[in-house]
Amino acid sequence: MIHSERMQDIYQEFEITDDQSRLDFAVIHGWLTGTYWSPGISRGKVEQAAKYSALVIGAYLGGRQAGYCRVVSDRTRFAWLADVYVGPEHRGRGLGQAIVRFALEHPDLADVHNWLLGTLDAHGVYAKLGFAAPREPQRLMQLWRKQVL
């Protein structure tokens, strides 16, 4: 069952919420287009990805976008944590972990037991939340298509 009420949490002075109406896609696009995982992505693709995700999370400081995350999921067995991003001026304060914890504890995803993510440089951040290398990596496969930005 999909939770109909908006969820919200406070971490330090940051507000974390699943209220998509508050997302500042100009800021989010500016962040994601410069990442190693989606360099040059168009704003339209960023908005489309959010629209079709099971959960989209924003973090705010003084009403301004401070962080972002989305979850791709069937809301039953599987979830992929994607586009976790904390604005450079807010890093080093645990906000990324707080955003991910918000996702992991969200009632819409309470039944999900298999969470995956990809990271090049933040293994330690995710390990503190229980993530580890796949137990059976030989069971995972990937199809890589040329990305359309």
Apply side chain to side chain contact (heavy atoms under 4.5 Å, CB included) to the pair I16 and I10, showing each step before the final yes or no. CA-CA 6 Å; I16 302 172; I10 301 297; over 6 Å; no

Would you name the heavy atoms of G67 and Q65 that are closest together and state the gap between them? O-NE2, 2.7 Å

Non-neighbouring partners of E47 that pass side chain to side chain donor-acceptor pair (under 3.5 Å), sequence neighbours left out: R43

Give every residue pair that meets the ring-ring contact (aromatic ring centres under 6.0 Å, His included) criterion with at least one member in residues 43-72, sequence neighbours excluded. none

On a heavy-atom basis, which atom in L23 and which in G58 lie closest, and how many Å separate them? CD2-CA, 4.1 Å

Assigning hydrophobic clusters by single linkage (Ile, Leu, Val, Met, Phe, Trp, Tyr; side-chain heavy-atom cutoff under 4.5 Å), is L55 placed with F131? yes

Residues forming a side chain to side chain donor-acceptor pair (under 3.5 Å) with R77, sequence neighbours excluded: none

Same cluster or not: Y36 versus I41, using hydrophobic residues (I, L, V, M, F, W, Y) connected whenever any side-chain heavy atoms lie under 4.5 Å apart? yes

Can you tell me how far CD1 of I28 sits from SG of C69, rounded to the nearest 0.5 angstrom? 11.0 Å

Partners meeting ring pair (Phe, Tyr, Trp, His ring centres under 6.0 Å) with F14 (sequence neighbours left out): H90

Side chain to side chain donor-acceptor pair (under 3.5 Å) contacts in which one or both residues fall within residues 22-33, not counting sequence neighbours: E15-R22

Pairing residues for Q138 by the side-chain contact (heavy atoms from CB on, under 4.5 Å) criterion, not counting sequence neighbours: E136

Does any pair with a residue in residues 115-124 pass side chain to side chain donor-acceptor pair (under 3.5 Å), and if so which ones, sequence neighbours excluded? none

Under 3.5 Å, which donor-acceptor pairs link side chains of residues 81-88 to any protein atom two or more places apart or in another chain?
residue, atom, partner, partner atom, Å
D83, OD1, W37, NE1, 2.8
D83, OD2, R70, NE, 2.7
Y85, OH, R91, NH2, 2.9

Can you give me every donor-acceptor pair (side chain of residues 96-105, partner residue at least two apart or in another chain, under 3.5 Å) with its distance?
none

Flag side-chain contact, heavy atom, 4.5 Å: S53 against V71: no

At their closest point, which heavy atom of A50 faces which heavy atom of V56, and how far apart are they? O-CG2, 3.3 Å

My understanding is that only residues two or more places apart in sequence, or in another chain, count here; which of them pass side chain to side chain donor-acceptor pair (under 3.5 Å) with D74? none

Between A66 and L61 the two heavy atoms that sit nearest each other are CB-N, 4.2 Å

Partner set under side chain to side chain donor-acceptor pair (under 3.5 Å) for E13, not counting sequence neighbours: R93

Which ILVMFWY residues are connected to V72, directly or by a chain of links, through side-chain heavy atoms under 4.5 Å apart? F78, W80, L116

Kindly compute the distance separating OH (Y126) from CG (L129), expressed to the nearest 0.5 Å. 9.0 Å

Before you tell me yes or no, could you show the steps for T17 and D19 under side chain to side chain donor-acceptor pair (under 3.5 Å), namely the whole-Å CA-CA distance, both residues' side-chain angles and the distance that decides it to 0.1 Å? CA-CA 5 Å; T17 180; D19 183 354; 5.2 Å; no

For S38, does its backbone N or O pair with a side-chain atom of T35 as donor and acceptor, under 3.5 Å? yes

